[in-house]
Amino acid sequence: MTTGTEGIGLVVFDCDGTLVDSAGHIADTMADCFLAAGIAAPTPAEVARIIGLSLPIAIGRLLPHLDDVACHDLAQGYRDAYRRRLAAGLMGDERLFDGVDAALKRLDGAGYVLGMATGKSIRGVERTVARFGFERLFVTIQTADTHPSKPHPAMMLAAMDETGADPARSVLIGDTSYDMEMARAAGARAIGVAWGCHAHQDLLDAGADLVVTAAAELDAAIATLIGAPLAPERRIGA
């Protein structure tokens with residue numbers, strides 16, 4: 001594994017709430033799921049607090065009286081509700097947060113290696129990647145299908161292992177305290193974004209090195225924490 005300033009610069013992004021403004025769709029899908037099971041729907045604010053966690057864990061936070069089996073059953077109900085909404089054309093207006101597309105392209109063009117670590121399933125990630133034309137941007141993608149839920153460090157550790165990145169040259173960018181805690185547990189740096197689900201102070205309290213308020217601030221924040229990217233001719237796959 002590479003070390004210090006000689007290694008690649010790995011920048012790993014959360015998805016929902018960081019890249020994609022999907023909180024409304026997630027809240028609506030969760031409401032459909034709960035109502036179909038005869039359970040009162042959670043409020044959008046309640047759902048926002050659990051975005052980023054793997055589905056069974058998230059549902060357990062919303063309904064702490066449920067056992068593991070019931071949480072997994074309701075998680076399947078969420079997936080079914082999502083597919084129904086997708087088939088009905090109700091998910092087509094998801095959008096990227098302002099400036100995210102340009103920031104990703106700048107960071108990739110500058111020579112950073114980009115990754116994604118998300119509580120979404122790989123099928124959900126593939127839809128998002130295809131929708132926004134990100135197929136060639138992310139060198140490593142880690143999802144809830146094969147890892148424990150955030151804030152467990154497994155996703156960040158796997159991203160570093162796959163790319164050969166050192167923790168000192170790796171940063172996780174996310175909108176929740178779970179993202180910040182995951183990065184810290186993996187020994188990486190952490191940048192919070194203020195446009196997502198958790199408050200600025202919550203991100204700092206969870207271990208964020210910096211919190212940015214606009215995507216245009218990401219370049220400088222990343223360079224401050226992990227330095228300049230490796231020269232393009234020495235990157236992964238070059």
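In this chain, numbering begins with 1 at the start of the sequence shown.
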Is the closest side-chain heavy-atom distance between [X] and [Y] below 4.5 Å?
X      : Y      : value
Phe132 : Val100 : no
Leu114 : Phe134 : no
Leu96  : Val20  : yes
Val12  : Met116 : no
Arg131 : Val129 : no
Met160 : Asp166 : no
Val113 : Val11  : no

### Residue pairs involving residues 206-215 (criterion salt bridge (charged side-chain N to carboxylate O under 4.0 Å, His left out); sequence neighbours excluded)
Arg184-Asp209, Arg189-Asp209

To the closest 0.5 Å, what do you measure between [atom1] ([X]) and [atom2] ([Y])?
X      : Y      : atom1 : atom2 : result
Met156 : Met182 : CE    : CE    : 6.5 Å
Ile59  : Met30  : CD1   : CE    : 5.0 Å
Thr118 : Ile141 : OG1   : CD1   : 10.0 Å
Ser149 : Ile57  : OG    : CD1   : 5.5 Å
Leu210 : Thr224 : CG    : OG1   : 6.5 Å
Arg136 : Asp108 : CZ    : CG    : 9.5 Å

### Query
In chain order, what residues pass the salt bridge (charged side-chain N to carboxylate O under 4.0 Å, His left out) check against Asp80, with sequence neighbours excluded?
Arg83

### Summary
Residues at least two apart in sequence or cross-chain that pass salt bridge (charged side-chain N to carboxylate O under 4.0 Å, His left out) with Asp205, listed by chain then number, are none

### Joint hydrophobic cluster, Leu74 plus Leu35, side-chain heavy atoms closer than 4.5 Å
no

#### Entry: For Thr176, all residues meeting side chain to side chain donor-acceptor pair (under 3.5 Å), sequence neighbours excluded
Asp179

### Query
Can you list the residues that meet the side chain to side chain donor-acceptor pair (under 3.5 Å) rule with Arg127, with sequence neighbours excluded?
none

Could you tabulate the donor-acceptor pairs under 3.5 Å formed by side-chain atoms of residues 41-55, not counting sequence neighbours?
residue : atom : partner : partner atom : Å
Thr43   : OG1  : Glu46   : N            : 3.1
Thr43   : OG1  : Glu46   : OE1          : 3.4
Glu46   : OE1  : Thr43   : N            : 2.8
Arg49   : NH1  : Asp202  : OD2          : 3.4

Could you check whether any side-chain N or O of [X] sits under 3.5 Å from a backbone N or O of [Y], counting only pairs where one atom can act as donor and the other as acceptor?
X      : Y      : value
Thr18  : Phe13  : no
Gln76  : His72  : no
His147 : Thr143 : no
Lys150 : Ala144 : no

Over all heavy atoms of both residues, which pair between [X] and [Y] is shortest? Give the atoms and the distance, please.
X      : Y      : answer
Leu203 : Val193 : CD1-O, 3.5 Å
Arg106 : Ala215 : NH2-O, 3.8 Å
Tyr178 : His198 : CE1-CE1, 3.8 Å
Ala208 : Gly192 : CB-N, 4.1 Å
Asp14  : Leu19  : O-CG, 3.4 Å
Ala216 : Asp219 : O-OD1, 3.8 Å

### Query
Are a donor atom and an acceptor atom from the side chains of Asp145 and Ser121 found within less than 3.5 Å of each other?
no

### Task
Taking atom types as modelled, find out whether Gln142 and Thr146 have a side-chain donor-acceptor pair closer than 3.5 angstrom.
no

### Message
A quick test of your reading: do over 12 heavy atoms of other residues, nucleotides or ligands sit less than 6.0 Å from CG of Asp67?
### Response
yes

### Query
Taking it one step at a time, do Ile222 and Ile173 satisfy side-chain contact (heavy atoms from CB on, under 4.5 Å)?
CA-CA 9 Å; Ile222 291 165; Ile173 298 169; 3.7 Å; yes

### Message
One pair to check against side-chain contact (heavy atoms from CB on, under 4.5 Å): Tyr78 and Thr29. What are the steps and the verdict?
### Response
CA-CA 7 Å; Tyr78 179 95; Thr29 305; 3.5 Å; yes

### Query
Salt bridge or not for Arg84 and Asp32, using N-O below 4.0 Å?
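No, this pair does not count.
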
### Query
Checking side-chain contact (heavy atoms from CB on, under 4.5 Å) for the pair Ile191/Leu225: CA distance, chi angles, key distance, verdict?
CA-CA 9 Å; Ile191 296 174; Leu225 293 181; 3.5 Å; yes

### Task
Assign the ring pair Trp195 / Phe97 to parallel, tilted or perpendicular, where the plane angle (0 to 90°) is split at 30° and 60°.
tilted

### Query
Yes or no on side-chain contact (heavy atoms from CB on, under 4.5 Å) for Leu63 and Cys71, after CA distance, side-chain angles and deciding distance?
CA-CA 8 Å; Leu63 299 169; Cys71 286; 6.0 Å; no

### Message
Check for me whether the distance between the ring centres of Tyr82 and His25 falls short of 6.0 Å.
### Response
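When the ring centroids of Tyr82 and His25 are compared, they turn out to be at least 6.0 Å apart.
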
